[in-house]
Amino acid sequence: MTKIFNDPSEFAEEALAGFCDVHSGLVRQVSGGAVRRYRPAQPKVAVLVGGGSGHYPAFAGLIGNGFADGAVVGNIFTSPSAQQAYSVAKAAESGAGVVFTYGNYAGDVMNFGMASERLAAEGIAVENVLVTDDIASAPPSESAKRRGIAGDFTIFKVMGAAAERGDSLAEVVRLGRKANDLTRTIGSAFAGCTFPGADAPLFTLPEGQMGLGLGIHGEPGLHDTDLPSAKELGQELVARVLSESPASAGKRIAVILNGLGSTKHEELFVLWGTVAPLLRAAGYTLVMPEVGELVTSLDMAGVSLTITWLDEELEPLWTAPAETPAYRRGAAASQAGTSAREETYDAGASAAAFVATDASREYAPACVAALGAAQASLHEAEERLGRMDAIAGDGDHGRGMVRGVDAAAAAASDAFGRGAGAGDVLAAAGDAWADKAGGTSGVLWGAGLRAFGETVGNSAAPEAAVLAAAVTAFADRIIQLGKAEIGDKTMVDALLPFASTFGGAVAGGADTGQAWQEAAREAAAAAEATRDLLPLKGRARPLAEKSLGTPDPGATSLAMVFAVMGPHFTTSTTAARAGAK
C-alpha cells in the first residue's frame, strides 16, 4: 500500500516535483511533465515518452542522453491531457521534429493525437508511435488493439538511441514501429496495487492464485490460475511469448524480466534462473538482458517477460549507451548543449475581455451552478465509481471525474468573474476539464463541454431548441472522438438515449424542465442496463467477462451528472423563454 502522501489528489504532481529536484542535473520540470536539462547543441528529433503516473521509472525516469528527450506525465494511471503533451513538446522541440511514443490506450491516443494536430498546425513535424506488445490483451489477428506494457521500454530505448545518433524523424519512427512489431510481453499479477489514500487494492486474488495477463494500470489478470512454483511460472511465461515468435525472426533477442512494484529483485533472479536457460535451449542468444523494475504499477506484486527479436538495425540501438536518472548503460556522451529556456505554453483562453450580451451573462450563473451541482455529486460518488471501474479497468474513473469537474467548476467561475457569457463559461470549463483530468473520460468530457458551450453561444440565453442542439453537439463531439456506439458499454450508452429523448421531447413542445427530467431517467436506466453488456472499447475490453454484472462507470457518471445539471440549465432557459413572451 502507498503510505507516504499528503493530499492523494496531488500525489502525482508532488512526486514529479520531487523527482525533478533530486535529478536537477539531468532534467527540469515543465508544464505537463519534464524535459532534459540541456537543449541539444544541434537540432535533433525529440523523442517524447508518456502516459499516466505510477509506472516509475517509466516515464520521467527515462529522460536523458540516448533515451527520451522528455516525458509527458499524467495523473496516476491516467492519460496526460492534450495540453500537457503540447507543452512538453514545445519545451523539448529543437528544430528536427517531435515523436510521441506511448502505450496503446484510448485516452493516450486521443490526447497525444490532439496535441499532434496542434503542433502540426504550427508547422512542427510530429509523429506518433504506439506500443502494442501485450499478447494477452488481443489475439494476433487483432494485434493493433493490444495494450502497451513493459515493451514500452525497449521501443523507447531504440527510438531514443536512433534520435541521439542523428537519425531523421521518419527513420526514428520507422525503427520504433519495427521494434514494436518485433516485441512481445506477457505478465502475471500476485496482488493488486493501492492508490494513495485508498483503503483497499484495485483488485484482490484468492489465496494461492495469480492473475495471468495483467495490465500496468492496476487491471487484474485476464485468467486466474493456481500460483505455480518459480520454475513453472518461468516455463509458462516463456512458452506463451515464444508461441508468438515473429515470422522470420532471428536468434538474437533483448529480454526484460520486469517487476511490477512489490516483487523484489531476489525473486526476479530466482525466476531468471528458469527463464534464461529455457531461452538459450530454444537457440536464442540473450543480448544485454535486463532484470529489475523498469515499467511498474505502483505497488503491484507481479512480473512480466518481454522479448524483442533483434536484427542488424535494432541491436546497435538496444545496446547503445544511455544516461538517465533511472537507467544507465555504457558511457553516454555528456549532455552538451545550452541550458533550457524556462517557458510555458498556455492553450487556454487569454485574459482578454470576453464579448457577450447581457442576456448571456445573466444565464452564465446557471452554467456555473450546473457545474457546481455536478461537482458535489461526483465528489459524493467518487469512491463508488472507482470501485466500479476497478472491476475490469484501472479504478481511476472516480478520481479522474473529480479532478475534471473541480477544474471545470473553477475555470467556469473564473471566466464568469471576468465577464464571460454562458458559451465562454462552458468552453472554459471544458478546456480545464480536459487539461486537468486527462485520460479518455477527460478528453471526452472536455471536448463535449466545449461543443455544448459553442452551441449555447454568448448572444442570448438559450431557448429550448438551442439547449437541445447543445446536447446534440455534446454527443456528436464525443462520438466523433471516441468512435463508440450504443452497445459498446461506454458513456455513449447513456448519452445517446438522453440526447434522443430530450431532443424529441423539446421538438414535441414539452416543457424544457420536464423534457430534461424524462431524458435523465432514460439515461439512468440505460446506464444501469450496461451491466449486461460486454465492453468493446477502452481498458475494460480485455477483461470483458469480468465486467458482466457491473454497470459501466462512464455511463453511470454521465447519467448522474446530467441529472443534477438539468434544473440549472432548464430553469433559467424556461424563465428566459417566459420573459421573452
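Hydrogens, waters and symmetry mates play no part in the numbers below; they use all other heavy atoms, side chains included. Model, not experiment: these values are computed from the prediction.
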Task: Residues that Arg328 engages under salt bridge (Lys or Arg N to Asp or Glu O under 4.0 Å), provided they are two or more places apart - done: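 Salt bridge (Lys or Arg N to Asp or Glu O under 4.0 Å) check on Arg328 returns nothing, list empty.
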
Salt-bridge contact [X]-[Y] (side-chain N to carboxylate O under 4.0 Å):
X	Y	answer
Lys157	Glu290	no
Lys489	Asp493	no
Lys90	Glu122	yes
Arg450	Asp431	yes

TODO: Mind checking side chain to side chain contact (heavy atoms under 4.5 Å, CB included) for Asp69 and listing every partner two or more places apart, or none if nothing turns up?
DONE: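 Asp69 satisfies side chain to side chain contact (heavy atoms under 4.5 Å, CB included) with Arg36, Lys44, Ala46, Val47, Leu48 only.
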
Task: Test log, rule side chain to side chain contact (heavy atoms under 4.5 Å, CB included), inputs Gln83 and Arg118 - done: CA-CA 10 Å; Gln83 168 61 15; Arg118 184 171 177 202; 3.4 Å; yes

Open item on the list: Please check: side-chain N/O of Ser81 versus main-chain N/O of Asp435, any donor-acceptor pairing under 3.5 Å?
Closed with: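 Checking the backbone N and O of Asp435 against the side chain of Ser81, a donor-acceptor pair under 3.5 Å is found.
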
Open item on the list: For Phe112 together with Tyr102, are the ring centres under 6.0 Å from each other?
Closed with: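 Here the rings of Phe112 and Tyr102 have centres that are less than 6.0 Å from each other.
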
With a cut-off of 3.5 Å and sequence neighbours excluded, list every side-chain donor-acceptor pair involving residues 553-560.
{"unit_1": "Thr556", "atom_1": "OG1", "unit_2": "Asp552", "atom_2": "O", "d": "2.8"}
{"unit_1": "Ser557", "atom_1": "OG", "unit_2": "His397", "atom_2": "NE2", "d": "2.8"}
{"unit_1": "Ser557", "atom_1": "OG", "unit_2": "Pro553", "atom_2": "O", "d": "3.1"}
{"unit_1": "Ser557", "atom_1": "OG", "unit_2": "Gly554", "atom_2": "O", "d": "3.1"}

Task: Which atom of Val35 lies closest to which atom of Ala92, heavy atoms considered - done: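 Closest pair (atom of Val35, atom of Ala92, distance): CG1-CB, 3.9 Å.
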
Task: Atom pair CE (Met491) and CZ (Phe562), whose distance is rounded to the nearest 0.5 Å - done: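 That separation rounds to 7.5 Å.
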
